[in-house]
Amino acid sequence: MVPAALVALTGALLTSCSSPSPATTTGAPAVGNSPQPASQFPFGGKVDSLNGIAGHIFGQPLSAFPKMRLLPPSPGELTRTYEYEGSEGWFGKHHKQVRTQFYYFLNGRFCRFMALGDPTVLRPEATYLFGPGQAQGSYRLFWEGSRARAAYREQATGMGMEGQFDVLSKALEAEQAAQAQAKLKAENAQ
């Protein structure tokens, strides 16, 4: 993960240090060559390179996820939600502190992960996985990549503070939105 980011950074630095060719203009960027948004680096590299969570990448089939319990579907939901009941991996070993772990599947493929739990345990894991993140206030962090995004937030509950960590696939999110739009269009046509 880190070597890939260093290679990309080194390439970008070397490109910016080289002298422009005579055909290069110094005005506005050419169409199709727009620069990456500032939030892409350094806040999106790790979320894209991991493209899921530790041990699972987006798009994997449900069969790659042992010890899952299907939750009752919500009306109109296109995804199926499963709760992890195992004790393997970081989230399994910390199940007492991170008591809720949901895995979402669209058409049988992993598309989103959400964990709820103790912020003193969950926030360090989020920053370990994806780096410091882009802070928005004291209780929110974001990681925006081109293929995936992640968010962490803390909120007050009746029993103190609770952390929520979400990681989702942008491609499968777009596919879900397209399916929802098609479903709505079909329902309106009737």
Side-chain angles (χ1 to χ4, degrees), residues 1 37-60 62 65 67-106 109-177 179-181 184:
M1 289 181 280
S39 65
Q40 291 289 334
F41 184 80
F43 305 110
K46 284 188 174 182
V47 74
D48 268 349
S49 67
L50 196 54
N51 196 30
I53 61 169
H56 294 288
I57 60 170
F58 290 127
Q60 277 186 310
L62 178 59
F65 296 79
K67 300 179 184 168
M68 303 289 266
R69 179 176 57 94
L70 177 64
L71 299 178
S74 299
E77 274 295 311
L78 296 174
T79 58
R80 296 292 174 250
T81 307
Y82 291 80
E83 187 169 11
Y84 181 65
E85 296 182 325
S87 60
E88 290 83 32
W90 188 92
F91 289 102
K93 291 176 186 172
H94 290 87
H95 191 71
K96 288 182 182 178
Q97 299 93 356
V98 183
R99 66 193 175 288
T100 305
Q101 301 168 42
F102 295 127
Y103 292 76
Y104 298 81
F105 292 82
L106 179 65
R109 296 178 300 157
F110 178 45
C111 65
R112 178 181 173 208
F113 171 79
M114 182 180 72
L116 301 169
D118 182 347
T120 63
V121 174
L122 197 52
R123 185 179 185 138
E125 178 63 6
T127 56
Y128 171 78
L129 287 172
F130 300 128
Q134 184 173 13
Q136 205 174 53
S138 299
Y139 301 106
R140 292 179 180 258
L141 296 172
F142 295 94
W143 298 267
E144 188 75 30
S146 60
R147 298 184 313 163
R149 90 170 47 109
Y152 173 82
R153 69 183 179 117
E154 293 175 17
Q155 62 185 9
T157 64
M159 298 170 23
M161 295 295 281
E162 179 177 66
Q164 178 176 331
F165 181 44
D166 288 282
V167 187
L168 62 95
S169 165
K170 286 185 168 185
L172 291 170
E173 179 184 41
E175 184 178 321
Q176 180 180 356
Q179 287 180 11
Q181 183 67 24
L184 183 62

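Numbers here are sequence positions counted from 1. Just so you know, these numbers come straight off a predicted model, no measurement behind them.
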Nearest 0.5 Å, what's the [atom1]-[atom2] distance between [X] and [Y]?
| X | Y | atom1 | atom2 | result |
| --- | --- | --- | --- | --- |
| Asn51 | Lys170 | CG | NZ | 11.5 Å |
| Phe102 | Tyr82 | CZ | OH | 14.0 Å |
| Gln134 | Arg140 | CD | CZ | 13.0 Å |
| Gln179 | Leu184 | CD | CG | 13.5 Å |
| Asp118 | Glu154 | CG | CD | 9.0 Å |
| Leu70 | Leu62 | CG | CG | 8.5 Å |

Within-4.5 Å side-chain heavy-atom neighbours: [X] and [Y]:
| X | Y | value |
| --- | --- | --- |
| Glu88 | Lys67 | yes |
| Glu162 | Gln155 | yes |
| Tyr104 | Leu172 | no |
| Met161 | Tyr139 | yes |
| Gln101 | His94 | no |
| Leu106 | Glu175 | yes |
| Leu141 | Phe130 | no |

Shortest non-hydrogen separation from [X] to [Y] and the atoms involved:
| X | Y | value |
| --- | --- | --- |
| Val121 | Val98 | CG1-CG2, 4.2 Å |
| Ser146 | Asp48 | N-OD2, 2.6 Å |
| Pro119 | Tyr152 | CB-OH, 3.1 Å |
| Asp166 | Arg112 | OD1-NH2, 2.7 Å |
| Ala54 | Leu129 | CB-CD2, 4.0 Å |
| Gln176 | Leu78 | O-CD1, 3.5 Å |

task = Determine the interplanar angle of the Phe165 and Trp143 rings, folded into 0 to 90°, and report it as parallel if under 30°, tilted if 30 to 60°, perpendicular if over 60°.
result = perpendicular
query = Parallel, tilted or perpendicular: which fits the ring planes of Phe110 and Tyr103, with parallel below 30° and perpendicular above 60°?
reply =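 Phe110 vs Tyr103 ring planes: tilted.
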Partner set under salt bridge (Lys or Arg N to Asp or Glu O under 4.0 Å) for [X], not counting sequence neighbours:
| X | result |
| --- | --- |
| Lys93 | none |
| Arg80 | none |
| Arg149 | Glu144, Glu173 |

ask   = Does any N or O in the side chain of Gln60 come within less than 3.5 Å of the main-chain N or O of Ile57, such that one atom is a donor and the other an acceptor?
value =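 Side chain of Gln60 to backbone of Ile57: a pair is present.
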message = I want to know whether Phe105 and Phe65 have ring centres closer than 6.0 Å.
response = yes
